[in-house]
Protein chains: 2
Amino acid sequence: MDTRERLIESTRELLWERGYVGTSPKAIQQRSGAGQGSMYHHFHGKPDLALAAITRNAEEMRERARAALDGPGTVAGRVAAYLRRERDALKGCPVGRLTQDPDVMADPELRGPIEETFAWLTGTLTALLARGRADGELRPDLDPGATAAALVAVVQGGYVLARATGSPDAYAQAVEGALALIRFQEKENH
Amino acid sequence: MDTRERLIESTRELLWERGYVGTSPKAIQQRSGAGQGSMYHHFHGKPDLALAAITRNAEEMRERARAALDGPGTVAGRVAAYLRRERDALKGCPVGRLTQDPDVMADPELRGPIEETFAWLTGTLTALLARGRADGELRPDLDPGATAAALVAVVQGGYVLARATGSPDAYAQAVEGALALIRFQEKENH
DNA sequence: GTCTATATATGGATAGAC
DNA sequence: GTCTATCCATATATAGAC
């Protein structure tokens, strides 16, 4: 991995662990093994480097979600696969956590990938649920948009609970609670 | 309001807006109108002052939740009242946002009130749902603990969605999606 | 491309006068 | 209780040598 790449990867990790305000250029240099001059040669500064890191975190999150949601099985099964996907719940969501970062949200460039990612995710889930409803797998009165928003929120909130309690179990419990509720939206004899 | 009180209130706001790492002593002094010496006279330092502010944020959050959950009506109605309670969704949760703050979570003292608050909240909701089930209002196969976790997660995740999209509507949508699912847990002729 | 030197502001606090 | 002075480390760069 070349220097530029190591800088991006180190920044990705640090943004995930400590957020934008909590991540200093010095910390990035130490983790990546790159020197001061090296970092400022490859990037204009902290915001520039952060943009590269955030963009990549967002892409990876979409890729992982797509993999679970595009899988085989029923709509309800794919939603379950997505929610139960292996996650390090205590680390939280690398994209969602940035919504709490005032300096990130204040900068339209940095904020962009975050906004897009959540729009894409809820949109994709909405379309999937709508298809399940059209196919007769799900109840006709289910609201795809609201349900999708609730599901994405359960994931994001599940991370908060896991961190608050110090245990990944809290995430799992929230997810299982949501899936149990979804179960009643599946029509009996489909 | 005396100086000590203004310091706590200003810190509460700043922790809410910018988190712990993003809040400097100088910013606290400016917002509260207190001088350097004044702040260090009343508190030993940033962590000490933050503890007072976090404790108060946690107490207020419990108080507000209790007010909605202890209200009149059915169990499902009280849950709905809690979820729909007036909130500034774009500001996020003053307690939940701190779970993303590495320096807060690393300090057992600062972390304490956060852990307690979420334990209390999910516990209270669990008990309420269990009562609804025992009373025959809710389906007998509903899992109170998992459902409570899912509901708390929807609230916390709803804040994330609101901030990510820049609109409080995202919060409202997630909440309504969850409430629609809960509706199917109510028994027909109770 | 990488390194070292240098620079200004801020973070977070202590000391002592009033 | 509050104010001013002072302190050392870190944040966030820029400049220029190699």
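Just the heavy atoms: all of them, side chains too, but no hydrogens, waters or symmetry mates, feed the values below.
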For B:G35, answer base if it contacts any base atom (sugar-phosphate contacts may also be present), sugar-phosphate if it contacts only those atoms, and nothing otherwise; contact means non-hydrogen atoms under 4.0 Å. sugar-phosphate
To check you understand the geometry: which heavy-atom pair defines the closest contact between A:T11 and A:A50, and what is its length? CG2-CA, 4.3 Å
Whole-Å distance between [N] [atom2] and [X] [atom1]?
X	N	atom1	atom2	value
B:Y40	D:dA5	OH	P	18 Å
A:D103	D:dA11	CG	P	14 Å
A:R6	C:dG1	CZ	C1'	12 Å
A:D48	D:dT14	CG	P	12 Å
B:M39	D:dT2	CE	P	13 Å
A:L49	D:dA13	CG	C1'	14 Å
B:L7	C:dA13	CG	P	14 Å
B:K46	C:dT14	NZ	C1'	18 Å

Do the side-chain N or O atoms of B:S38 get closer than 4.0 angstrom to the phosphate oxygens (OP1, OP2) of D:dG1? no
Looking at B:H44, does any N or O in its side chain come under 4.0 Å of the phosphate oxygens OP1/OP2 on C:dG12? no
Please figure out whether A:Y20 or B:Q36 has its closest DNA chain D nucleotide nearer the 5' end. B:Q36
When you match B:H41 and A:K26 each to their closest nucleotide on DNA chain D, which lands nearer the 5' end? B:H41
With the side chain defined as heavy atoms from C-beta on, A:T3 is closest, among D:dT12, C:dT2, D:dG1, to C:dT2
Short question: side chain of B:D135, backbone of B:E137 - any donor-acceptor pair under 3.5 Å? no
Answer yes or no: is there a donor N or O on one side and an acceptor on the other, between the side chain of A:R6 and the main chain of A:S32, under 3.5 Å? yes
For the residue pair B:E186 and B:L138, establish whether any side-chain heavy-atom pair is separated by less than 4.5 Å. yes
Decide whether a cation-pi geometry holds between A:R87 and A:Y82; the criteria are a distance under 6.0 Å from NZ or CZ to the six-membered ring centre and an angle within 45° of the ring axis. yes
